[in-house]
Amino acid sequence: MAEKSLFAMLLRSPWWVSFLVVGLIVLAAGALLPKEYFVVGALAGFPIFVVGCIAAWKQLRAPNPARVAEMLDAVATMPWRTFADTLAAAWTREGYAVERLPGNGAADLSLAQGGRTTLVCARRWKAATHGVEPLRELHTAMQAWESQGGVYVATHGQLSDNARIFARDHGIVVLQGDAVAVLLLKQR
C-alpha cells in the first residue's frame, strides 16, 4: 500500500477519524443524491468503515504511549547481554526459534520460523547515528548464511538517508524506537 494513500493515512490516524469520514460520506449522499441512490452513495463509505475497524483493532491492542516511553528508557540503560536476552525472549514469544550468534560479527541473532531464516544486528542499538556500513556488513552476513531476511535494531539515534535506502533496496527491516519497545512489550 502506498504510504500516502487514503487508506494508509487512515490506518495511521486515530480510529475515530475513519468513522468521521464515513459519517461525512453518508451525510453527503443524503444531501446530494436522490432518495433512490442514497443507499448506493452511502455504501461508498464501506471500505473506509472497514479501515476504521482495522485501525481500532490495532490501536486497542497497542501498548499505551507511557509504557512505550518507559520501555525505551529501560532499554537505554540496559547492558548488551540484557538487551540481547530481552530481544531473544520477545522473538521467542512471537514464535521464532532464536539462536545467539558467536563473536562480534555483523549479526547477533538468527531467527528461524517456517523454514525462513532472518539475521538480526542489534549490537549498535544505542548509537546516535546509524550509517550504511553496519547494514552492508549485515547484508554480507545474510548472503554468507543464505538468510532470507535481515533486521537492524536501532532504538536511539537517526538512520542516515543512505542507510535507509540501502536497507530498503536489500530487504533489511529497520526496527527503530517505538517499534522496538512495542516488540518488547508484546504479550502472546
[Y] and [X], any side-chain heavy atoms less than 4.5 Å apart:
| X | Y | result |
| --- | --- | --- |
| Arg100 | Leu109 | yes |
| Thr117 | Gln148 | yes |
| Ile48 | Leu6 | yes |
| Val98 | Leu111 | yes |
| Ser110 | Tyr96 | no |
| Phe38 | Val26 | yes |
| Glu94 | Leu183 | yes |

Heavy-atom pair of closest approach, residues [X] and [Y]:
| X | Y | answer |
| --- | --- | --- |
| Gly52 | Ser18 | CA-CB, 3.3 Å |
| Ala163 | His130 | CB-O, 3.8 Å |
| Ser147 | Leu119 | OG-N, 3.5 Å |
| Ala29 | Ala42 | CB-N, 3.7 Å |
| Ala122 | Asp108 | N-OD2, 2.7 Å |
| Trp15 | Gln59 | N-OE1, 3.0 Å |

Discussion item. Taking Arg12's backbone N and O only, do any of them form a donor-acceptor pair with Lys58's side chain (distance below 3.5 Å, no angle check)?
Written reply: no
Discussion item. Between Lys126 and Thr155 (side chain of the first, backbone of the second, donor and acceptor by atom type, cut-off under 3.5 Å), is there such a pair?
Written reply: no
For the hydrophobic clusters of this structure (ILVMFWY residues joined by side-chain heavy atoms under 4.5 Å, transitively), does one cluster hold both [X] and [Y]?
| X | Y | answer |
| --- | --- | --- |
| Trp91 | Trp145 | no |
| Phe7 | Trp16 | yes |
| Leu185 | Trp57 | no |
| Val17 | Met9 | no |
| Val174 | Val180 | no |

Discussion item. My understanding is that only one of Thr92, Thr82, Leu184 makes a side chain to side chain contact (heavy atoms under 4.5 Å, CB included) with Leu87; could you say which?
Written reply: Leu184
Worksheet, complete the sentence: Distance col, row Ile165:CD1 vs Leu159:CG, nearest 0.5 angstrom, shows 10.0 Å
Response to the item:
To the nearest 0.5 Å, atom CE of Met78 lies from atom CG of Asp73 at 11.0 Å
Worksheet entry | Leu43: partners by side chain to side chain contact (heavy atoms under 4.5 Å, CB included), with sequence neighbours left out | Val39
More than 12 heavy atoms of other residues, nucleotides or ligands under 6.0 Å from [atom1] of [X]: is that the case?
| X | atom1 | result |
| --- | --- | --- |
| Phe19 | CZ | yes |
| Asp161 | CG | no |
| Glu36 | CD | yes |

Only distances under 3.5 Å count here; give the side-chain donor-acceptor pairs of residues 131-144 to other protein atoms, sequence neighbours excluded, each with its distance to 0.1 Å.
{"residue": "Glu137", "atom": "OE1", "partner": "Arg124", "partner atom": "NH2", "Å": "3.3"}
{"residue": "Thr140", "atom": "OG1", "partner": "Arg136", "partner atom": "O", "Å": "3.0"}

Item to complete: Classify the ring geometry between Phe83 and Trp125 as parallel (under 30°), tilted (30 to 60°) or perpendicular (over 60°).
Response: parallel
